[in-house]
Amino acid sequence: MRAAEAAAAIEWLVEMGADEIIGAEPVNRLVAPPPQAAPAPQAVRPASSPLARPSLIRPAAPPSIAPAPAGNSDAAALAAQCATLADIEEALMRFDACPLKKTATNLCFADGNPEAPVMLIGEAPGRDEDIQGKPFVGRSGQLLDRMLKAIGLARHNEKPEEAVYISNVIFWRPPGNRTPTDQETLMCLPFLKRAIEIKQPRYIVCLGATPTQRLIGKSEGILKLRGRWFDFGGIPLLATLHPAYLLRQPAQKRLAWRDLLSLQQKLKADAH
Ligand code: URA
């Protein structure tokens with residue numbers, strides 16, 4: 001294999017979600033493994049053996065019949081205990097039921113100014129977000145920052161009224177950027193909903209179909225939902241197009257621009 005081919009193969013693997021080398025030697029999985037010696041039969045201990053005495057043998061764990069304790073795997077219970085956004089991030093670090101956590105490099109919870117009136121919600125971290133542990137820092141995020149700048153907003157602006165706070169529905173990167181499953185999404189949702197409850201943004205902006213459909217409970221496509229204001233527990237929620245979609249379909253930026261102007265209008269009205 002030439003160097004360029006090897007580099008392309010590695011890049012493809014990274015895109016698919018591989019982020020670790022787990023063996024120093026390559027394994028050819030296309031050849032049959034050598035036959036393994038059968039395990040030695042276990043010696044049967046005579047009853048007089050000291051290990052046969054009840055006090056020295058660990059009894060088998062009784063079958064669990066009680067429901068699983070809330071522990072670190074009950075998303076709703078953990079989220080309900082959080083009083084601040086920092087608590088949520090800390091709870092997510094302890095939460096161990098989401099399988100995406102096992103393949104992700106970093107937790108990716110939120111970025112921006114927590115005091116900002118606008119809270120943007122995307123779908124799930126991609127490769128760059130997984131590496132940096134912050135939402136929207138890759139190509140989509142760069143486009144998002146330019147779009148926000150066009151209406152006078154910046155995620156890290158110290159003046160809250162000119163800043164935004166950004167999070168996602170999913171907090172760990174799905175391997176290879178695949179679509180998160182319903183199970184994964186439902187596990188993360190209580191944390192997002194609690195974050196909204198704590199933060200109480202003046203406006204929510206959903207980027208793309210996933211956050212919009214999950215928060216407003218509608219299944220229509222984003223091209224039908226975008227540009228419309230919905231209500232999320234008393235908070236006005238605007239649906240718009242995801243910047244990754246706009247990178248693929250630049251002609252649709254005009255629709256996103258209309259949505260941004262609608263947000264800007266609301267913010268201007270609030271300022272007067
Ligand atoms: N796309 C998302 O939906 N969220 C991110 O954080 C990055 C890309």
Side-chain angles (χ1 to χ4, degrees), residues 14-17 19 85 88-89 92-93 95 98-101 103-114 116 118-149 153-156 163-189 191-193 195-196 199 201 203-216 218 221-223 225-226 232 237-250 252-253 255-256 259-260 263:
V14 171
E15 273 301 309
M16 289 300 105
D19 54 10
L85 294 171
I88 296 188
E89 186 160 18
L92 283 168
M93 285 177 192
F95 182 58
C98 183
L100 295 176
K101 189 172 188 175
T103 49
T105 312
N106 282 304
L107 165 69
C108 181
F109 172 54
D111 194 21
N113 185 335
V118 178
M119 177 168 183
L120 304 175
I121 303 172
E123 179 178 308
R127 186 176 150 208
D128 296 304
E129 290 76 20
D130 181 52
I131 293 168
Q132 296 191 36
K134 285 191 182 145
F136 284 101
V137 291
R139 277 188 71 218
S140 305
Q142 286 155 19
L143 173 58
L144 180 63
D145 285 341
R146 292 197 297 276
M147 289 161 58
L148 292 170
K149 192 171 170 198
L153 300 176
R155 69 173 86 182
H156 290 125
V164 294
Y165 185 67
I166 311 180
S167 191
N168 279 311
V169 172
I170 301 277
F171 304 110
W172 295 275
R173 182 197 184 198
N177 298 346
R178 67 161 167 75
T179 306
T181 64
D182 277 354
Q183 190 207 22
E184 291 158 354
T185 308
L186 293 175
M187 276 184 184
C188 291
L189 260 184
F191 295 101
L192 174 66
K193 288 186 173 170
I196 296 172
K199 184 181 149 32
Y203 301 108
I204 295 172
V205 178
C206 286
L207 304 167
T210 302
T212 309
Q213 293 169 342
R214 293 292 174 180
L215 291 185
I216 66 172
K218 288 190 191 284
I222 189 64
L223 288 171
L225 297 170
R226 66 137 285 277
F232 180 79
L237 179 157
L238 174 67
T240 190
L241 301 171
H242 193 288
Y245 171 77
L246 299 175
L247 287 171
R248 294 193 301 273
Q249 304 282 339
Q252 302 287 53
K253 284 182 188 167
L255 297 178
D259 303 344
L260 287 178
L263 171 67

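Note that ligands are numbered from 1 as they come in the structure, with each ligand's atoms numbered from 1 the same way.
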Hey, what's the ring geometry for Phe136 with His242, parallel, tilted or perpendicular (30° and 60° as the breaks)?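 Ring orientation of Phe136 relative to His242: tilted.
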
Got a salt bridge between Asp259 and Lys253, using NZ or NE/NH1/NH2 to carboxylate O under 4.0 Å?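 No, this pair does not count.
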
Keeping [X] on the side-chain end and [Y] on the backbone end, is there a donor-acceptor pair under 3.5 Å?
X	Y	answer
Lys101	Met93	yes
Asp130	Ala104	no
Gln252	Leu246	no

Using a strict cut-off of under 4.0 Å between a residue heavy atom and any atom of ligand 1, list the qualifying protein residues by chain and number.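 Near ligand 1, by chain and number: Gly122, Glu123, Ala124, Pro125, Glu129, Pro135, Phe136, Asn168, His242.
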
Less than 6.0 Å separating the ring centroids of Phe171 and Phe95?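 When the ring centroids of Phe171 and Phe95 are compared, they turn out to be at least 6.0 Å apart.
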
